[in-house]
Amino acid sequence: MKKYRIKTTTNKYWRNALAKLSLVAVSVVIIVWFLPRTSGPQFRYDVGKPWMYGSLIANFDFPIYKTDEAISAEQDSITNQFEPYFNYNSEIEEAQVGKFRKDFQEGIAGLSNDYISIIADRLHMVYEQGILRTADYQRVFPDTARSIRVVNGKTAVSAGPREVYSEISAYEMIFQDERLAQQRQLLQRCNLNEYIEPNLVYDKELSDTERNDLLSGIAIASGMVLSGQKIIDRGEIVDEHTFRVLSSFEREMTRRSADSSEMSSTIAGQALFVGILILLFTLYLALFRKDYFDKPRSILMLYAMITIFPVVVSLMMDHNVLSVYIIPFAIAPIFIRVFMDSRTAFIAHVVMILICAAAVKYQYEFIILQLVAGLVAIYSLRELSQRAQLFRTALLVTLGTAAMYFALQLMQDNDITTMDHSMYKHFAVNGVLLLFAYPLMLVVEKTFGFISSVTLIELSNTSKDLLRRLSEVAPGTFQHSIMVGNLAAAIANKIDADAQLVRTGALYHDIGKMQNPAFYTENQAGVNPLEKMPRIEAAQIVISHVTEGLKLADKHNLPSVIRDFIVTHHGTGLAKYFYVSYKNEHPNQPVDDTLFCYPGPNPFTREQAILMMADKAEAASRSLKEYTEESISTLIEKLIDDQMADGCFRDCPINFRDINMAKQVLIERLKNIYHTRIAYPELNKKAKEPAQPQPKNSSQPQQKDKQ
């Protein structure tokens, strides 16, 4: 059996180690997968500012690329001058003129027959010039400087807006003949517009091909830099041309990094860089925060924070969308600080920012600003219990980041008028996005199983359904829970434990008593139904409040950390009153101790141990016949010493100093609750009769006054 246990323990150890190693490897792979593939040095430079680095010499030939704005302007110019192609269709004229002659072969009422020929000639004239759809005419001729290419057979000629007609202008052109204009009112009844149909048809395929050929002919570069040529030297002012040369140099380096050999080198370097940082963070957890390292939910949240933000930064850099400075990086240290501790929050934030720096361009500035933001967030937010706290933190982070950026600018350029002020808008957006930490905290809680101060405060609201029902069904238990919570919170504050957590746990630790409230002394009015029951049955009823409380907790979806208080506040201890009573009633019979034991487990956190001590002390203090300092001190010392002797605190990280301080807090608080007083001595009879003063110049003693 012993060998089997050793083997099981060993297998569990290696499984845990393999799981953690896999988590580290997955985090590294995800981050490296999304990191931008860039190689070579990265510089910071702006037009009108001095070059802050050493002399830069080109080590390969590269073209001087035009700016996107310049290329776009050339494309617009070509597009504006481009002549779209329209095919001339002669069959449309024949069809429409023939239709007109056929429809009016008997002439037009009220007019002579020669008007048919006049109208046909006018139709021939406008068709010969060419007719466009009105929509096409307005699109291709936004001004009189534009023209189109009319394709007729194998020839293509340019035509301006005055050389072709739209459907409307063609109709008006018919009536420019004097004889037709005189008869316009009569001819309008003939609906001559029905015989006007566009005979210039847009050739989209030919137009697109020709336009693309012209656009593709635009040169993307306007010069060359030869290998060995000096680009810029330290202290020289970056002008427009130099800026284009430097941009072209970086662009060419990026293009060359796409080569397979250089790409492999870049990926290897990124993997090594990220791997070292995450390994250092893992060692920190293993050496200094083993309590987090051994909890899957804790390390999952930590590695998720470290992984998510570098991925977001990489995606933004790859797609050139917005600025990375609007990302609220301070959310990560805020969450880690609230759910864990400040030191872990700072270490995680540093590792996360250093990894993110591998994806950004201006690394020095980015690291400094984000470290300041993280430190301000950690210092200003100990716990998140009110919205006002987060608003204050967001404001301080924004002001701190802006102040540090201003300091960096002063170090580089002492002329305030020429400084770049656009970054302050990004800091303001960052501060606004930081406010989303409040709703996101609920997501983190549900995902990783944590509980925040906000949730604890909400759960401790006595008007909530479960606590309100407890106050109605079992008012004595409710008052007992409140007093236990106050005692436990006082101890927690004294030994630096989580006071809000233990206070909330105390409110729910006895909710199982709602099932049978009359069986518990604090809810009884002089009659105890347990006295008439067998000791084993009575013990099982009392013990059942733990399992019943757990059922209620599951029904009402209480967090696991609150359920832990329900099952550990008695640990695996005995229901001693019934156990001793049964032993006395059956002195010669063996006793099955498990029938009188609580299901447990024993407390495994300091807060659970505090609740166990406070619960026992508050309940036992009600049985004292006399409330004096000595009786209370003796009671508390005995109760907690018995719990220690029974091994109740063996599985939790509470020390003798904490336990001793807990005793002192309980003694002082119970003395205040029960108003213990010092026993005043009584005056004896002689002391009650004060001596009378002697009269001056009198030899006789003064007679005493009777009382």
Side-chain angles (χ1 to χ4, degrees), residues 456 460 462 467 470-471 474-510 513 520-526 528 542 565 568-571 573-577 580 603 605-646 648-649 652 654-683:
L456 290 175
S460 62
T462 55
L467 294 180
L470 176 64
S471 67
T477 300
F478 180 71
Q479 292 300 322
H480 162 72
S481 299
I482 291 178
M483 293 185 67
V484 170
N486 292 334
L487 292 173
I491 298 173
N493 287 325
K494 191 70 173 178
I495 67 174
D496 293 328
D498 193 334
Q500 184 60 56
L501 173 61
V502 73
R503 185 191 298 276
T504 307
L507 290 174
Y508 289 91
H509 80 286
D510 271 346
K513 292 182 179 181
Y520 303 94
T521 56
E522 66 265 24
N523 301 310
Q524 294 169 358
N528 188 351
V542 172
F565 282 102
T568 61
H569 74 278
H570 286 296
L574 290 169
K576 286 189 176 180
Y577 176 82
V580 174
T605 68
R606 299 169 74 210
E607 289 76 16
Q608 293 166 8
I610 291 170
L611 179 62
M612 174 181 276
M613 290 185 281
D615 179 51
K616 190 71 173 178
E618 200 283 329
S621 66
R622 298 172 182 267
S623 64
L624 288 175
K625 296 179 180 179
E626 184 182 11
Y627 293 104
T628 64
E629 182 175 357
E630 182 180 357
S631 64
I632 292 175
S633 298
T634 301
L635 175 67
I636 298 303
E637 291 285 349
K638 182 180 184 306
L639 289 177
I640 297 181
D641 287 345
D642 287 347
Q643 288 177 333
M644 293 175 62
D646 292 340
C648 294
F649 309 136
C652 65
I654 194 168
N655 54 40
F656 288 113
R657 175 180 176 275
D658 294 339
I659 294 174
N660 186 58
M661 295 181 71
K663 290 179 181 179
Q664 299 304 317
V665 171
L666 289 172
I667 292 171
E668 292 299 322
R669 286 302 177 108
L670 290 175
K671 283 168 53 181
N672 294 333
I673 290 172
Y674 295 111
H675 306 289
T676 60
R677 294 288 186 268
I678 298 173
Y680 291 98
E682 293 185 1
L683 291 173

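Note that the structure is a prediction, hence the values are computed from the model and not measured. When reading the values below, keep in mind they use all heavy atoms of this one structure, side chains included, and skip hydrogens, waters and symmetry mates.
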Working note: D510 + K513, criterion salt bridge (Lys or Arg N to Asp or Glu O under 4.0 Å); need CA distance, chi angles, decisive distance, verdict. CA-CA 6 Å; D510 271 346; K513 292 182 179 181; 3.3 Å; yes
Does any donor atom in the side chain of N486 or R669 lie under 3.5 Å from an acceptor atom in the other side chain? no
Whether S623 side chain and A620 backbone form a donor-acceptor pair below 3.5 Å: yes
If you count heavy atoms of other groups shown closer than 6.0 angstrom to NZ of K663, is the number above 12? yes
Could you tell me which non-hydrogen atom of G571 sits nearest to which non-hydrogen atom of P603, and how far apart they are? CA-CD, 4.5 Å
Closest non-hydrogen contact found for T477 with N523 is OG1-ND2, 2.8 Å
Does any N or O in the side chain of N493 come within less than 3.5 Å of the main-chain N or O of A489, such that one atom is a donor and the other an acceptor? yes
Parallel, tilted or perpendicular: which fits the ring planes of H509 and H569, with parallel below 30° and perpendicular above 60°? perpendicular
E618: what forms a salt bridge (charged side-chain N to carboxylate O under 4.0 Å, His left out) with it, not counting sequence neighbours? R622
Closest non-hydrogen contact found for A617 with L670 is O-CD1, 4.3 Å
Measuring only between side-chain heavy atoms, which start at C-beta, is T504 closer than 4.5 Å to F565? no
Closest contact, heavy atoms only, A614 versus L487: CB-CB, 4.0 Å
Quick one: does S460's side chain get under 4.5 Å of R503's, heavy atoms only? no
When you compare the side chain of D658 with that of I610, does any pair of heavy atoms fall below 4.5 Å? no
I'd like to check T462 versus S471 (side-chain heavy atoms, cut-off strictly below 4.5 Å). Are they in contact? no
Is there a donor-acceptor pair closer than 3.5 Å between any side-chain N or O of N672 and the backbone N or O of E668? yes
With side chains defined as the heavy atoms from C-beta onward, is the minimum distance between I632 and S621 less than 4.5 Å? no
Sole residue of I640, L639, D646 in side-chain contact (heavy atoms from CB on, under 4.5 Å) with Q643: I640
Would you check, one step at a time, whether the test side-chain contact (heavy atoms from CB on, under 4.5 Å) holds for M613 with F649? CA-CA 10 Å; M613 290 185 281; F649 309 136; 3.5 Å; yes
Closer than 3.5 angstrom, by distance alone: can the side chain of R606 be matched with the main-chain N or O of I495 as a donor-acceptor pair? yes
Any donor-acceptor pair under 3.5 Å from S631 side chain to E626 backbone: yes
